[in-house]
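Comments concern the structure below.
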Amino acid sequence: MSVIHAPGVRESSALFRDINADDEEQQPAEIESLCMNCYQNGFTRILLTKVPFFKEIIVSSFTCDSCGWSNTEIQSAGRIQEQGVRYSLSVRSKQDVNREVIKTDYATTQIPELDFEIPACTQKGALTTIEGILERTIAGLQQEQPLRRAENESVADKVDEFIKKLQRLKDGEDQFTFIIDDPSGNSFVENPFAPQKDEALLITHYKRSPEQDRLLGLENSSTSLKQEETPMPTSEELRDEVLQFPTNCPECNVPAETNMKLVQIPHFKEVVIMATNCDSCGHRTNEVKSGGAIEPLGTKITLHITDLSDLTRDVLKSETCSIGIPELEFELGMGALGGKFTTLEGLLKDIKDLVVDKNPFTVGDSSTSDRREKLEEFGRTIDQILEGHIKAHFMLDDPAGNSYLQNVYAPEGDPEMTVEKYERTFEQNEDLGLNDMKTEGYEEKA
């Protein structure tokens, strides 16, 4: 194999560039490679690019001039998310079957009603619909039916019966549950009601197991041993020190540095703030992690926004906190924006950016006029709240009790803000991993 043509890339430019027909610098690399059909040499073209509002991808295309065989493949080059994600959709109609799905290589697809599962790493990643996944499964089963029928007719008859069940699901005749479990956190199931909550769609973010980390290639035994041998500094030693560790920019994937520091929030607790500034593309981001334990009670904070000064209040939103704006019938689940330490104005802008500006289903062939108008109306309403034209209630609901909204009257009570403590439900404790946690009596049998 020999490289024929590989255009140079400037050091200041991003490794993955947005798809743009007018970008003359974005050219694929050409590699001479072996054709697996006729075993003559053909050409493979590789393009590193970035799909707007999605992530980085590697597009490769092979053509053979000898036999005419060609093949195209797309591989994900995006970063692995900090948490895995599980989408569970109750499919009730043909419209639900037409929902768009982003499925990565590491995602597992399940339909419990049929005891059906597509394991991880058995199919290439794809941008498709639920109907497309079922159609691909039906085509794969039908392809081997003649061979099965010749070897064992009873098995072929059972497969035919299973194909009929899949066909009924594809046509929307039967209701079923569609589940995608992706430890990389990069899969997605469309919510046609965005920005409102979809009652038929349950999204769960979870911490990966060691087996899932090994599947993703994240575990490094030698690094773990070095970390165990090196004593960790105490919180007192870290309090006045800014630590740095290498990472990649989430926008252009160029190596960058992340700064980390412990900060004490007045009238609250200690948190860890991490900030990344990319010198290549100028992207800046920050994230907040709670420095304490899970509180005995959950916390629900409600603020009535009545003045522009309310938008300058500091907000600490943990990863386990959900956000609600009743006037907009809007609810954002835990884990969607990650942990953030910002102002109320900054958090509202982040919500608009996530739901409207960076929504992958508002542009291109996947967008519809009704959906686009609804999201644009939501964005205009957020702008009116930011300009002080609309009074609204802003709610933070954190079952872990690690979120905070500044009380400008502290230590006195705030007349426009209520803070409620509540007992967590069994489901909330399950999401936080508390039901199976045992801190006393280890020698006793559970």
Closest approach of Arg424 and Gly298, non-hydrogen atoms and distance?
-> NH1-N, 3.9 Å
How far apart are the closest heavy atoms of Val356 and Leu375, and which atoms are they?
-> CG2-O, 3.4 Å
Report yes if the side chains of Leu202 and Tyr87 come closer than 4.5 Å at any heavy-atom pair, otherwise no.
-> no
Residue of the set Arg168, Arg92, Lys165 for which side chain to side chain donor-acceptor pair (under 3.5 Å) holds with Asp174 = Arg168
What is the distance from atom CD of Glu427 to atom CG of Asn435, rounded to the nearest 0.5 Å?
-> 8.5 Å
Counting only heavy atoms not in Glu211, do more than 12 fall under 6.0 Å of its CD?
-> yes
Worked check of side chain to side chain donor-acceptor pair (under 3.5 Å) between Ser70 and Thr63 = CA-CA 4 Å; Ser70 63; Thr63 56; over 6 Å; no
Give the C-alpha distance, both sets of side-chain angles, the deciding distance and a yes or no for ring pair (Phe, Tyr, Trp, His ring centres under 6.0 Å) between Phe62 and Phe43.
-> CA-CA 6 Å; Phe62 174 82; Phe43 294 102; 8.6 Å; no
Donor + acceptor pair across side chains of Glu117, Gln110 (<3.5 Å) | yes
Under the 3.5 angstrom rule, does the side chain of Asp181 hit a backbone N or O of Ser88 as a donor-acceptor pair?
-> no
Taking atom NZ of Lys349 as the centre, report whether more than 12 heavy atoms of other residues, nucleotides or ligands fall under 6.0 Å from it.
-> no
For the residue pair Phe116 and Phe162, does the interplanar ring angle fall in the parallel (under 30°), tilted (30 to 60°) or perpendicular (over 60°) class?
-> tilted
Side chains of Arg99 and Pro192 in contact at under 4.5 Å (non-hydrogen atoms) | yes
In sequence, state the C-alpha distance, the side-chain angles, and the governing distance for Ser184 and Gln81, and then conclude on side chain to side chain donor-acceptor pair (under 3.5 Å).
-> CA-CA 6 Å; Ser184 73; Gln81 304 302 312; over 6 Å; no
To the nearest 0.5 angstrom, please state how far the CZ atom of Phe176 sits from the CD1 atom of Ile130.
-> 6.0 Å
State whether a side-chain donor-acceptor pair under 3.5 Å links Glu131 with Thr129.
-> no
For Thr104 and Asp182, what are the C-alpha separation, side-chain angles and deciding distance, and is it a side chain to side chain donor-acceptor pair (under 3.5 Å)?
-> CA-CA 8 Å; Thr104 69; Asp182 185 1; 2.8 Å; yes
Nearest 0.5 Å please: distance from the CD atom of Glu161 over to the CG atom of Leu166.
-> 11.0 Å
Just wondering, are more than 12 heavy atoms of other shown residues or ligands nearer than 6.0 Å to NZ in Lys421?
-> yes
Considering all heavy atoms of both residues, which atom of Phe245 and which atom of Met274 are nearest to each other, and what is their separation?
-> CZ-SD, 4.0 Å
